[in-house]
Student: 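First the structure, which I've put down as structure tokens, then a few questions once you've had a look.
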Amino acid sequence: MAAVVVVGTQWGDEGKGKYIDILSADADYVVRYSGGNNAGHTIVHDGIKYALHLVPSGILRKGKTCIIANGVVIDPAVLVNEIANLSKHGNELARLLISDRAHVIMPWHIELDSLQEESRGSEGLGTTRRGIGPAYADKAERSGIRMVDLIDPDAFREKVYANIKTKNAIIEKVYGGTPLDAEKIIEEYLGYAEKLKPYVTDVNAIIHRALEEGKTVLFEGAQATFLDLDFGTYPYVTSSNPIAGGVCTGAGVGPKMITDVLGVLKAYTSRVGSGPFVTEIKNEIGDSIRELGHEYGTTTGRPRRCGWLDAVMVKYAARLNGLTGLCLNHLDTVGKLDSIKICMAYKLDGKVIDYYPSNLKELARCEPVYEEFESWKDSDISRINRYEMLPFAAKKYLRRIEELIGVPIKYVGVGPGRDQVITM
Ligand code: GDP
Ligand code: IMO
Ligand code: MG
């Protein structure tokens, strides 16, 4: 039995989808346990680029069961569309399963996400405006609608009417927005329900049976450690728990069942949306990383903020997730720069600190302490598939990262493709 979690160690977009696609070759099940269609997971193979938002990244391999578990919030319109697109490209959707306990993103969640962002003005969080925060808020408030309700027309109608009055009052009276029409929503959503019903079931029983039978189950993280509701740069975070512990509640798996936790990181750092970013580079080097790494959001198309690799963050992520291995991407990208930096520590008010501050004002005053590395500009490493073949400078850089984080590097990405990975 293996239950392997793949998590982001930075602010998302580390390349989690790519590793799920690669590792799913030897897995039986792939499970999404948190987040929603705020995620955008890119997979590139045979020259085709796929961007998945809700369906687990194992769907491109034949014979794998892909599960959207209870911890995910589902926009049914997006899911129906994603299923249709994947089917059109010849993928096998019969093995997709959706938790009956997963919460549904309703039109008022999407509307409120935008209205709340607008009302925050320049203090906006930079959310994806997909309704994620409001949907999780309703889940916690106990007024949410679950998939089990969506596929039961009477229950769904009842729940829409139980919500609509309050939601419209907030939309109209607090934010000056346009109220929503309950009947229109019911008609539209029951159409999605019809299409999604065949996939909806008690997925927890299926996950447990798989583990009991000794199958390999991959848990696909969305978002990342520093977007975690509890441990990220609050309030500039998402509204769920993407860290490995999120698997326990988001899929109903006991902590002792988890056998491995792989942390994905980029050889630099990116962030999309607002919030503190100690190693951000606001000059032409940051622009070069953005262009070389194609750092534009998979979900919203926004240019991602770029900066140096921050070992303080990744070390903290190693602890929070109990990482057993690292998957490092974009070694090809940093190799093209004139030289490379890694942030070893933070200086706060002149003193070196060894923790990640919870106080955002303190975090904003932190200055990065860098170590500089030679790059390997003259070598194209994008087709190298063995560690031994890498330039000396690249090997030295990788060994230093392992030493700093204290976790072995298991895989190194030298390009976006399925085959552009070095197994260590
Ligand atoms: P995810 O959300 O963690 O799955 O990551 P995204 O798909 O949003 O962003 C990762 C981006 O980096 C995608 O465009 C990938 O195709 C790309 N990528 C992943 N690994 C590598 C790598 O090793 N080198 C390069 N050049 N691109 C990579
Ligand atoms: P993947 O899985 C990068 C960011 C948003 C915003 C904050 C809150 O592709 O790594 P939300 O819509 O979740 O309420 O927005 O979180 N964010 C992500 N950034 N990658 C993601 O997912 C993200 N999902 C949310 O940009 O700053
Ligand atoms: Mg992404």
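Computed from a prediction, not measured in an experiment: that's the story for all the values here. One-based numbering, in listed order, for ligands and for the atoms of each.
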Student: Should T128 be counted as touching ligand 2, given the test is an N or O pair under 3.5 Å?
Tutor: yes
Student: Among the heavy atoms of S239, does any lie under 4.0 Å from an atom of ligand 2?
Tutor: no
Student: I'd like to know if K336 contacts ligand 1, where contact means a heavy-atom distance under 4.0 Å to any ligand atom.
Tutor: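 Contact absent.
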Student: Counting each atom of ligand 2 from 1 as listed, which ones have a heavy atom of G273 under 4.0 Å away?
Tutor: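 Under 4.0 Å from G273, ligand 2 has these atoms: 27 (O).
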Student: Give the residue, atom name and distance (to 0.1 Å) of the protein heavy atom nearest atom 27 (O) of ligand 2.
Tutor: V272 O, 3.0 Å
Student: Considering the heavy atoms of W11, write down every atom of ligand 2 situated less than 4.0 Å from one of them.
Tutor: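 Those qualifying, in numeric order: 3 (C), 19 (N).
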Student: Which is closest to atom 11 (C) of ligand 1 in terms of heavy atoms, H294, H330, K18?
Tutor: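 The nearest heavy atom belongs to H330.
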Student: Out of curiosity, N91 CG to N85 CG, how far, rounded to the nearest 0.5 Å?
Tutor: 10.0 Å
Student: For ligand 2, is there an atom lying under 4.0 Å from some heavy atom of K16?
Tutor: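 It does; at least one heavy atom falls under 4.0 Å.
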Student: CD1 of I20 to CD of E220: how many Å apart, nearest 0.5 Å?
Tutor: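 Rounded to the nearest 0.5 Å, the CD1-CD separation comes to 4.5 Å.
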Student: Would you mind telling me if ligand 2 is within reach of the side chain of Y236, the backbone, both or neither, using heavy atoms under 4.0 Å?
Tutor: neither
Student: Hey, is D113 one of the residues with a heavy atom under 4.0 angstrom from ligand 2?
Tutor: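 It does not, in that no heavy atom of D113 comes within the 4.0 Å cut-off of ligand 2.
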Student: Which residue and atom name correspond to the protein heavy atom nearest atom 22 (O) of ligand 2, and how close is it?
Tutor: Q223 NE2, 3.4 Å
Student: Please list, in number order, the atoms of ligand 2 under 4.0 Å from a heavy atom of A222.
Tutor: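 Close to A222: 2 (O).
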Student: Please confirm whether R302 approaches ligand 2 to less than 4.0 Å, judged on its heavy atoms.
Tutor: yes
Student: Could R400 and E371 be called an ion pair, given the rule that one side-chain N must be under 4.0 Å from one carboxylate O?
Tutor: yes
Student: When rounded to the nearest 0.5 angstrom, what is the spacing between CG in L227 and OG1 in T233?
Tutor: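 One gets 6.5 Å once the value is rounded to the nearest 0.5 Å.
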Student: Have a look at G297, G15, G8 and point out the one with the heavy atom closest to atom 5 (O) of ligand 1.
Tutor: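 Among G297, G15, G8, the closest heavy atom to atom 5 (O) of ligand 1 comes from G15.
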Student: Would E14 count as being in polar contact with ligand 2, using the rule that some N or O on each side must be under 3.5 angstrom apart?
Tutor: no
Student: So, 4.0 Å and heavy atoms of G8: is ligand 2 close enough to count as a contact?
Tutor: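 No.
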Student: For F226, which of F231, F277, Y356, Y234 qualifies under ring pair (Phe, Tyr, Trp, His ring centres under 6.0 Å)?
Tutor: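 In the set F231, F277, Y356, Y234, the residue that makes a ring pair (Phe, Tyr, Trp, His ring centres under 6.0 Å) with F226 is Y356.
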Student: What residue and atom, counting heavy atoms only, is the protein's closest point to atom 7 (C) of ligand 2, and at what distance?
Tutor: V237 O, 3.9 Å
Student: Do me a favour and list the nearest non-hydrogen protein atom to atom 15 (O) of ligand 2 with residue, atom name and distance?
Tutor: T127 CA, 3.3 Å
Student: Within the structure, does G413 bring an N/O atom to less than 3.5 angstrom of an N/O atom in ligand 1?
Tutor: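 N/O-N/O distance under 3.5 Å: yes.
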Student: I would like to know whether W376 and Y397 meet ring pair (Phe, Tyr, Trp, His ring centres under 6.0 Å); could you show each step before the answer?
Tutor: CA-CA 10 Å; W376 42 94; Y397 173 79; 5.8 Å; yes
Student: If you have a sec, work out which protein heavy atom is nearest atom 17 (N) of ligand 2 and how many Å separate them, to one decimal?
Tutor: L227 CD1, 3.7 Å
Student: For G40 and ligand 2, does the shortest N/O to N/O distance drop below 3.5 Å?
Tutor: yes
Student: Can you figure out which of S57, G415, A222 has its heavy atom closest to atom 22 (C) of ligand 1?
Tutor: G415
Student: Check R290 against R304 and note the closest heavy-atom contact, atom names and distance.
Tutor: NE-O, 2.8 Å
Student: Pick, from V421, T42, L265, the option with the minimum heavy-atom distance to atom 13 (C) of ligand 1.
Tutor: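 Of the listed residues, T42 has the closest heavy atom.
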Student: Can you name the atoms of ligand 1, numbered from 1 with element, that are less than 4.0 Å from a heavy atom of V414?
Tutor: 23 (O)
Student: How about R302 and T300: does a side-chain donor come under 3.5 Å of a side-chain acceptor?
Tutor: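 A pair is found: one side chain offers a donor N or O, the other an acceptor, under 3.5 Å apart.
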Student: Under 3.5 Å, N or O to N or O, is R130 touching ligand 2 that way?
Tutor: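 No, R130 has no N/O under 3.5 Å of an N/O on ligand 2.
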Student: Is the distance from the Mg ion (ligand 3) to the nearest N/O/S atom of K16 under 2.8 Å?
Tutor: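 Short answer: no, not a single N, O or S atom is under the cut-off.
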Student: Give the residue and atom name of whichever protein heavy atom lies nearest to atom 6 (C) of ligand 2, and the separation in Å to one decimal.
Tutor: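 I find the closest protein heavy atom is G126 O, 3.1 Å.
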Student: Tell me, which N, O or S atom in D13 is closest to the Mg ion (ligand 3)?
Tutor: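 Looking only at N, O and S atoms of D13, the one nearest the Mg ion (ligand 3) is named OD1.
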Student: Given G35, G40, C327, A224, which has its nearest heavy atom closest to atom 6 (P) of ligand 1?
Tutor: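 Nearest option to atom 6 (P) of ligand 1, by heavy atoms: G40.
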Student: May I ask you to identify the nearest protein heavy atom to atom 13 (O) of ligand 2, giving residue, atom name and distance to one decimal place in Å?
Tutor: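 In this structure, atom 13 (O) of ligand 2 has T238 OG1, 2.6 Å as its nearest protein heavy atom.
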Student: Under a 3.5 Å threshold, yes or no: a donor from one side chain and an acceptor from the other, between T127 and D113?
Tutor: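 A donor-acceptor contact under 3.5 Å links the two side chains.
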Student: So, regarding K266 and ligand 1 (criterion: nitrogen or oxygen to nitrogen or oxygen, under 3.5 Å), is there a contact or not?
Tutor: no
Student: Could you find the nearest protein heavy atom to atom 20 (N) of ligand 2 and give me its residue, atom name and distance?
Tutor: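 Ranking protein heavy atoms by distance from atom 20 (N) of ligand 2, first comes D13 OD1, 3.1 Å.
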Student: Could you walk me through whether D21 and R418 pass the salt bridge (Lys or Arg N to Asp or Glu O under 4.0 Å) check?
Tutor: CA-CA 8 Å; D21 172 58; R418 205 183 241 187; 2.8 Å; yes
Student: Cation-pi check for Y387 against R399: NZ or CZ below 6.0 Å from the six-membered ring centre and within 45 degrees of the axis, yes or no?
Tutor: yes
Student: Examine the proximity of ligand 2 to T300 and report which part, side chain or backbone, both or neither, has a heavy atom under 4.0 Å away.
Tutor: neither
Student: Going by distance alone, is a donor N or O of one side chain under 3.5 Å from an acceptor N or O of the other, for N241 and D230?
Tutor: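 There is such a pair (donor and acceptor under 3.5 Å, judged by atom type) between the side chains of N241 and D230.
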Student: Got an N/O contact under 3.5 Å between G17 and ligand 1?
Tutor: yes
